[in-house]
Each structure stands twice: as structure tokens, then as C-alpha cells.
Amino acid sequence: MMNIVSKSGTLAPYLKTSTQVVASGLKAAAPAVTVGQSIVVPSSVVPKTSYSLAKSLPTGAATSSGVLSSNIQVRFAHTDIQVPDFSAYRRKDTLSPSSKNDDSADSRKAFSYFIVGGTSMAAAYSAKAVVSQFISSMSASADVLALAKIEIKLSDIPEGKSVTFKWRGKPLFIRHRTPEEISKEQSVPVNTLRDPQHDSERAAKPEWLVVLGVCTHLGCVPIANAGDFGGYYCPCHGSHYDASGRIRKGPAPLNLEVPPYEFVDENLLVVG
């Protein structure tokens with residue numbers, strides 16, 4: 001009990017301080033007169049703007065002494081914040097607040113269009129280069145393309161002889177047939193052949209026979225001007241071909257393959 005009485009001695013200054021109004025600098029917008037239960041506002045009202053109201057806000061710090069503990073400091077809103085200045089980053093023709101926004105609009109649009117157009121063209125050419133490189137990587141290499149076609153000078157092959165060339169890693173037989181061989185092969189009945197083909201289907205020009213020297217049985221290389229039919233003979237398993245490259249005897253199931261070729265002129269043959 002005595003402890004409470006001893007501490008109650010500090011209540012008087014606290015109550016006294018609480019009844020005092022801290023000066024805030026706020027002023028009434030207009031004097032008002034109370035009549036009965038209503039408030040009468042004079043007609044001469046001074047209008048207030050947001051700027052004038054902001055200026056009337058307290059800017060200092062209010063303190064209250066004589067409290068139970070220590071002094072209390074009240075801090076109001078910051079009104080001394082400096083607005084950053086971006087003038088160093090702005091264009092010179094837009095620094096003045098009286099300048100129109102359209103003064104430099106054309107020049108800025110032109111620069112933007114130039115950047116967008118240049119970037120688009122660079123992206124298009126880059127995409128084209130990437131696609132071209134990707135497609136070319138899937139094409140045949142230079143050494144393969146070099147062997148894709150072969151040119152043969154026909155005047156170097158005498159009549160009745162067969163010459164072997166290398167084309168795409170395979171032997172290529174070019175045979176200059178005599179008139180007797182031509183008439184003999186054209187007179188063979190097609191229905192008697194294992195792989196029925198007429199001689200005219202295998203030789204674009206009757207005097208020239210172009211076939212691959214790969215046996216259709218197991219891929220051996222036949223011997224030219226040999227065999228029972230005077231054409232080609234495979235000694236590995238005994239397949240006999242005639243002078244038109246057609247299988248006539250032995251285990252081979254098909255005729256010798258005829259590659260694609262064309263006669264550029266009377267003396268030049270292109271195979272491939």
C-alpha cells in the first residue's frame with residue numbers, strides 16, 4: 001500500500017502534461033460559430049489547396065515531459081525529401097517544360113525504326129546462314145560428289161572390247177559391241193530369260209553397253225568377254241551373262257545393273 005502511495009506522486013505531472021495541447025501549427029480553414037445544435041459557417045470562406053494544406057502540417061518534433069518513464073518524441077512525416085534530378089539523362093530539346101513533346105518525336109521514331117529494321121535484317125541473314133550450314137552438312141562430301149559422275153571418252157574404246165572404270169567405288173563395264181553381237185542379243189526370245197529384258201531396254205545405243213560389274217548373286221566381279229554366252233562370267237559361283245549383261249546360266253537371280261547415263265555427244269558418255 002505504501003508502495004502505491006509513493007509511486008502516485010508522479011501522476012500529477014503526467015496528468016498535467018496530458019491536459020496540455022501540443023502546438024501543431026494547424027489552423028482552422030474558416031472560423032465557425034455554434035448556434036444551438038448547428039454550425040454556421042460565414043460566407044467568406046477562404047479556399048484551401050493541397051499545397052496550402054500541406055504547408056500547414058507540423059514539421060517539427062513535439063515532446064511531452066513529466067511522464068512516468070522518459071521523454072517521448074513524436075516524429076511527423078518527412079517533408080524535406082529531395083526530388084532526384086534527371087536532367088543529365090534527358091534530351092536537351094525536352095528539358096524545358098514549355099517545349100512540346102512532338103518537337104523531337106520524328107527524330108526519335110526514325111532512330112527506333114532504324115534499330116528495329118537493322119536488327120531484323122541481321123536476324124534474317126543469321127537464320128539463313130544457320131539453315132544453309134545445317135542443310136549443307138547433310139549433303140554429300142566433296143570426295144563423294146567428285147565420284148558422283150564420270151565422263152568417258154568413247155573413242156578410246158575399240159570395237160569388240162570391254163573397258164572397266166571405277167564409279168562410286170564399283171567397277172563399271174563399258175562395252176563397244178560389234179554388229180554381230182547386237183543382232184545376236186536382239187534376237188534372243190525374252191520369254192526364255194530368267195530376268196526378262198529386251199536388249200533395247202538395256203542399251204540406249206545398240207553399239208554401247210553400260211553395266212555395273214557386280215554379280216547379282218553375291219557381289220563378285222565378273223570377267224568380261226568370257227562365259228558360255230560370250231558376255232561376262234563370274235568364276236566364284238559360275239554365273240554366265242550374255243553380251244547384253246543378262247543372266248543366262250548359274251545362280252545369279254538378276255541381270256547386271258544398268259546405271260543412269262547419257263550421251264552428251266557422239267564421243268562423250270556421262271555416267272551418273
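- When atom types are taken as modelled, the side chain of Gln133 and the backbone of Val130 share no donor-acceptor pair closer than 3.5 angstrom.
- Summarising the local packing, NZ of Lys205 is surrounded by more than 12 heavy atoms from other residues, nucleotides or ligands at distances under 6.0 Å.
- Linking ILVMFWY residues whenever their side-chain heavy atoms come closer than 4.5 Å, directly or via other members, places Leu256 and Val258 in the same cluster.
- Across Phe229 and Tyr241, no two heavy atoms sit closer than the pair CB-O, 4.0 Å.
- Counting heavy atoms from C-beta on, the side chains of Tyr113 and Ile115 never come closer than 4.5 Å.
- By the rule that hydrophobic residues join a cluster once side-chain heavy atoms approach within less than 4.5 Å of another member, Tyr233 and Phe173 end up as members of separate clusters.
- Between Glu207 and Ile182 the shortest side-chain heavy-atom distance falls below 4.5 Å.
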Point to revise | Evaluation steps, side chain to side chain contact (heavy atoms under 4.5 Å, CB included), between Ile174 and Ile152 | key: CA-CA 9 Å; Ile174 307 295; Ile152 300 171; 3.7 Å; yes

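- Taking both residues in full, the closest heavy atoms of Ser244 and Asp199 are given as OG-OD1, 2.8 Å, listed atom of the first, atom of the second, then distance.
- In plain terms, the two heavy atoms of Cys220 and Pro222 that are nearest each other are O-CD, 3.4 Å.
- Taking the side chain as every heavy atom from C-beta outward, His176 and Glu159 approach each other to under 4.5 Å.
- Ion pairing between a basic and an acidic side chain is recognised when a charged N comes within 4.0 Å of a carboxylate O; Arg248 and Asp228 show no such pairing.
- Contact between His240 and Ile247 at its shortest, heavy atoms only, is O-CD1, 3.3 Å.
- By the rule that hydrophobic residues join a cluster once side-chain heavy atoms approach within less than 4.5 Å of another member, Ile150 and Val214 end up as members of separate clusters.
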Check your understanding: Can you list the steps and then say if Trp208 with Leu154 is a side chain to side chain contact (heavy atoms under 4.5 Å, CB included)?
Key -> CA-CA 9 Å; Trp208 296 104; Leu154 300 178; 3.6 Å; yes

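- The cluster map of Ile, Leu, Val, Met, Phe, Trp and Tyr, joined by side-chain heavy atoms under 4.5 Å apart, puts Leu193 and Val211 in different clusters.
- Under the 4.5 Å side-chain contact rule for hydrophobic residues, Leu268 and Leu209 do not share a cluster.
- Atom CG of residue Leu218 and atom SG of residue Cys234 lie 8.0 Å apart, to the nearest 0.5 angstrom.
- Between Val188 and Arg246 there is a side-chain heavy-atom pair separated by less than 4.5 Å.
- The backbone N or O of Val116 sits nowhere less than 3.5 Å from a side-chain atom of Thr119 that would complete a donor-acceptor pair.
- Counting all heavy atoms, side chain and backbone alike, Pro235 lies closest to Val221 at CD-O, 4.4 Å.
- Geometric assessment of Arg175 against the ring of Tyr232 yields a positive cation-pi assignment under the 6.0 Å and 45° thresholds.
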Practice item. Please step through side chain to side chain contact (heavy atoms under 4.5 Å, CB included) for the pair Leu172 and Val210, ending with a clear verdict. Key: CA-CA 7 Å; Leu172 178 69; Val210 182; 4.0 Å; yes

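- For the pair His217 and Cys236, the minimum side-chain heavy-atom distance is 4.5 Å or more.
- At a threshold of 4.5 Å between non-hydrogen side-chain atoms, the residues Thr216 and Glu257 do not count as touching.
- Using a cut-off of 4.0 Å between Lys/Arg side-chain N and Asp/Glu carboxylate O, Glu185 and Arg177 are scored as not salt-bridged.
- When all heavy atoms are compared, the tightest approach of Leu212 to Lys170 is CD1-CD, 4.3 Å.
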**Study point:** side chain to side chain contact (heavy atoms under 4.5 Å, CB included) between Tyr261 and Val270, intermediate numbers included
**Key:** CA-CA 6 Å; Tyr261 64 91; Val270 178; over 6 Å; no

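- No side-chain N or O of Asn255 forms a donor-acceptor pair with one of Arg194 less than 3.5 Å apart.
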